[in-house]
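Beneath this line is the structure, given in structure tokens, with notes to follow.
Given the structure is predicted, the values throughout are model-derived calculations rather than measurements.
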Amino acid sequence: MSGQGNFMQNYNIDGHKLHLHPERVADWLAGENIYPLYMELSPSGACNHRCVFCSMDFMGYRPKFLDTDIMCERLRECGKLGVRALMFAGEGEPLLHRDIAILAEAAGASGIDVAFTTNAVLLRPELSRRLLPVTSWIKVSCNAGTPEKYAATHRTDSRDFATVMENMAAAASIREKEGLACALGFQCILLPENAADMPALAARVRDLGADYLVIKPYTHHPQSPTNAYGDISYADSQALADRLREEERENFSVVYRSAAMRRWDSKAAAFERCLALPFWTYVDAEANVWGCSRHLREDAFRYGSLVEQSFAEIWNGEKRLTSLAECEKNMDIGQCHVTCRMEVINEYLWRLRHPQAHDNFI
């Protein structure tokens, strides 16, 4: 099996894994108020880059940071309630939080699988030594193959490109020496100006010790004032996908997210309502709990503050339950952003809620 096939089979990056949690899905089908399996948490509202395609620019890159003591307490609670996975990412760069290692260690000690999406400029070896033992995967956003294009796309100093590569090579070395299991990967949003650099980027990150490179489509957040790539099409990208397979090895995969690209091009959905909200949540850099990152700054989707309440109080509160019921009945998914991570989950849940003829002939 090729690197791509093995990696896609194991981790299903272009699909979903909700079917691997049948007990939680069954409870949801039975009408129970379930706790989320997955949480995305933003430790920092600030960011050290200003990427040209940033879908969270409307949040303003505010220098807000989660309170360490409060969040450690809430993470311990979330682990007991059944939250199974947590990704540190959000509207800012997570590694800008001065206590990010403490937060990751608290989540891991609470039985929660930990992951990071980061630009990795601050992933120095001393930080990697603390994060890698408690982290399932680290995925680096790197959206160009040369220092010059990286600087233009990330709107930062070109020296950051070398810093990222050095940090990730060091992380790979630490992982090998200490026998750690943390997967190390890169992701790149495919744009007209970086497409030609993708084979070279794949070879570079492969040779420094990364496990994979994800090539994904652009997505536009409806609240973002920037939409320079709104008309981008991936219809003619198969030749690049074929070329990138040549860079795969037994221990390195290129995950070309062709299914997500088709969804972007078609702008079509196989479901009529968002049913995925009970299974995940978003916590911003001010510790507000949200039902959906598409609807940040919209009060109907703000369930409460972890500074003021426990997670259980927020999740079981009247405001969230009212919002959830309204979404299932009236939410217009035509206003959602295309290639939302919950799209494939919604297709699965919608199919469960709407059985068809012959379904029993398994």
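With a 4.5 Å cut-off on side-chain heavy atoms, Tyr348 and Glu343 do not count as touching. No side-chain heavy atom of Asp113 sits less than 4.5 Å from a side-chain heavy atom of Trp137. Using a 4.5 Å cut-off on side-chain heavy atoms (C-beta onward), Trp280 and Met342 make contact. In this structure the side chain of Val205 never reaches within 4.5 angstrom of the side chain of Cys142, judged on heavy atoms. No side-chain heavy atom of Pro199 sits under 4.5 Å from any side-chain heavy atom of Glu246. Proximity of Leu190 to Leu240: side-chain heavy atoms (C-beta onward) are separated by under 4.5 Å at one or more points. At least one side-chain heavy atom of Leu41 sits under 4.5 Å from a side-chain heavy atom of Leu66. Side-chain contact between Phe161 and Thr146: absent, with no pair of heavy atoms (C-beta onward) separated by less than 4.5 Å.
Cation-pi geometry between Arg320 and Trp315 is met: under 6.0 angstrom from the ring centre, within 45 degrees of the axis. Cation-pi contact between Arg50 and Tyr61: present, with separation from the ring centre below 6.0 Å and deviation from the ring axis of at most 45°. Remark: Arg353 is positioned above the aromatic ring of Trp28, its terminal NZ or CZ atom under 6.0 angstrom from the ring centre and at most 45 degrees off the axis.
Met168 approaches Phe186 most closely through the heavy-atom pair CG-CZ, 3.6 Å. When all heavy atoms are compared, the tightest approach of Ser128 to Ala171 is OG-CB, 3.7 Å. Scanning all heavy atoms of the two residues, the minimum distance from Tyr234 to Ile232 falls at OH-CD1, 3.5 Å. Closest non-hydrogen pair, Cys54 versus Ser224, comes out as O-OG, 3.8 Å. Counting all heavy atoms, side chain and backbone alike, Trp290 lies closest to Arg297 at CH2-N, 3.1 Å. The two residues Ile13 and Val214 make their nearest non-hydrogen contact at CD1-CG2, 3.9 Å.
Defined by atom type and a distance below 3.5 Å, a donor-acceptor pair is present between the side-chain atoms of Asn316 and Tyr35. If you check the side chains of Glu93 and Ser44, you find no donor sitting under 3.5 Å from an acceptor. Side-chain contact of Tyr256 with Ser237: a donor-acceptor pair under 3.5 Å is present, judged by distance alone. A donor atom on one side chain and an acceptor atom on the other are not found under 3.5 Å apart for Asn119 and Ser141. A side-chain N or O of Asp57 and one of Thr226 form a donor-acceptor pair less than 3.5 Å apart. Counting only N and O atoms by type, the side chains of Ser305 and Glu286 include no donor and acceptor under 3.5 Å apart.
Taking a cutoff of 4.0 Å between a charged side-chain nitrogen and a carboxylate oxygen, Asp242 and Arg245 qualify as a salt bridge. Here Asp211 pairs with Arg175 in a salt bridge; the nearest charged N to carboxylate O distance falls below 4.0 Å. A salt bridge between Glu193 and Lys149 is absent, with no side-chain N of the basic residue lying under 4.0 Å from a carboxylate O of the acidic one. Between Lys319 and Asp299 a salt bridge is recorded (basic side-chain N to carboxylate O distance below 4.0 Å). A salt bridge is defined here as a Lys NZ or Arg NE, NH1 or NH2 lying under 4.0 Å from an Asp or Glu carboxylate O, and Arg341 with Glu40 fails to meet this definition. Using a cut-off of 4.0 Å between Lys/Arg side-chain N and Asp/Glu carboxylate O, Arg351 and Asp359 are scored as salt-bridged.
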Open item on the list: Evaluate Tyr282 against Glu91 for side-chain hydrogen bond (donor to acceptor under 3.5 Å, both in side chains), listing each step before the verdict.
Closed with: CA-CA 10 Å; Tyr282 180 88; Glu91 66 259 31; 2.3 Å; yes
- [ ] Start with the C-alpha distance between Glu73 and Ser310, add both sets of side-chain angles, then the distance that settles side-chain contact (heavy atoms from CB on, under 4.5 Å), and finish with yes or no.
- [x] CA-CA 9 Å; Glu73 181 180 347; Ser310 70; over 6 Å; no
Task: Arg302/Val289 under side-chain contact (heavy atoms from CB on, under 4.5 Å): CA gap, chis, key distance, verdict - done: CA-CA 6 Å; Arg302 178 186 175 276; Val289 178; over 6 Å; no
TODO: Please lay out, stage by stage, how Val307 and Asp67 fare under the test side-chain contact (heavy atoms from CB on, under 4.5 Å).
DONE: CA-CA 8 Å; Val307 175; Asp67 181 276; 5.7 Å; no
- [ ] Show your working on ring pair (Phe, Tyr, Trp, His ring centres under 6.0 Å) between Phe53 and Tyr229 and close with a plain yes or no.
- [x] CA-CA 8 Å; Phe53 53 80; Tyr229 300 99; 7.3 Å; no
TODO: Start with the C-alpha distance between Val121 and Leu95, add both sets of side-chain angles, then the distance that settles side-chain contact (heavy atoms from CB on, under 4.5 Å), and finish with yes or no.
DONE: CA-CA 9 Å; Val121 173; Leu95 301 189; over 6 Å; no
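Ring-plane geometry between His49 and Tyr150 is classed as perpendicular, the angle between the planes exceeding 60 degrees on a 0 to 90 degree scale with a lower cut at 30. Ring orientation note: the planes of Phe301 and His295 are close to parallel, at an angle under 30° on the 30°/60° scale.
Ile314 and Leu321 are not part of a single hydrophobic cluster, where members link through side-chain heavy atoms under 4.5 Å apart. Both Ile112 and Leu81 sit in one connected hydrophobic cluster of ILVMFWY residues. Membership requires side-chain heavy atoms under 4.5 Å apart, directly or through other members. Residues Val344 and Leu18 are members of separate hydrophobic clusters, defined by side-chain heavy-atom contacts under 4.5 angstrom among Ile, Leu, Val, Met, Phe, Trp and Tyr. Note on Ile102: it does not cluster hydrophobically with Leu306, by side-chain heavy-atom contacts below 4.5 Å among ILVMFWY residues. With hydrophobic clusters built from ILVMFWY side chains whose heavy atoms lie under 4.5 angstrom apart, Val140 shares a cluster with Leu127.
Taking CZ from Phe116 and CG from Leu184, the interatomic distance works out to 12.5 Å, rounded to the nearest 0.5 Å. One finds the CE atom of Met198 at 8.5 Å from the CG atom of Leu191 (value rounded to the nearest 0.5 Å). Atom CE of Met261 and atom NZ of Lys216 lie 10.5 Å apart (nearest 0.5 Å). With rounding to the nearest 0.5 Å, the separation of NE2 in His97 from CE in Met71 is 8.5 Å. Taken to the nearest 0.5 Å, the OG atom of Ser42 stands 7.0 Å off from the CE atom of Met56. Atom CZ of Arg129 is separated from atom CD1 of Ile174 by 4.0 Å, given to the nearest 0.5 angstrom.
Side-chain atoms of His154 never come within 3.5 Å of backbone atoms of Thr156 as a donor-acceptor pair (strictly under, hydrogens ignored). Put simply, the side chain of Arg130 never gets that close to the backbone of Ile100: no donor and acceptor are under 3.5 Å apart. Judged purely by atom type and a 3.5 angstrom limit, Thr281 has no side-chain atom pairing as donor or acceptor with the backbone of Gly291. Remark: the backbone N or O of Glu247 is paired with a side-chain donor or acceptor of Arg206 at under 3.5 angstrom. Asp99 places no side-chain N or O within donor-acceptor distance of the main-chain N or O of Thr68, the cut-off being under 3.5 Å. Counting only distance, with no hydrogens or angles, the side chain of Ser110 and the backbone of Ala106 share a donor-acceptor pair below 3.5 Å. Side-chain N or O atoms of Ser233 include one that pairs as donor or acceptor with a backbone N or O of Ala235 at under 3.5 Å. With Asn227 contributing its side chain and Gly230 its backbone, the two residues share a donor-acceptor pair below 3.5 Å. Under the 3.5 Å distance criterion, the side-chain polar atoms of Asp157 are left unmatched by any main-chain donor or acceptor of Ala151. Here the side chain of Thr118 pairs a donor or acceptor atom with the backbone of Ala120 at under 3.5 angstrom.
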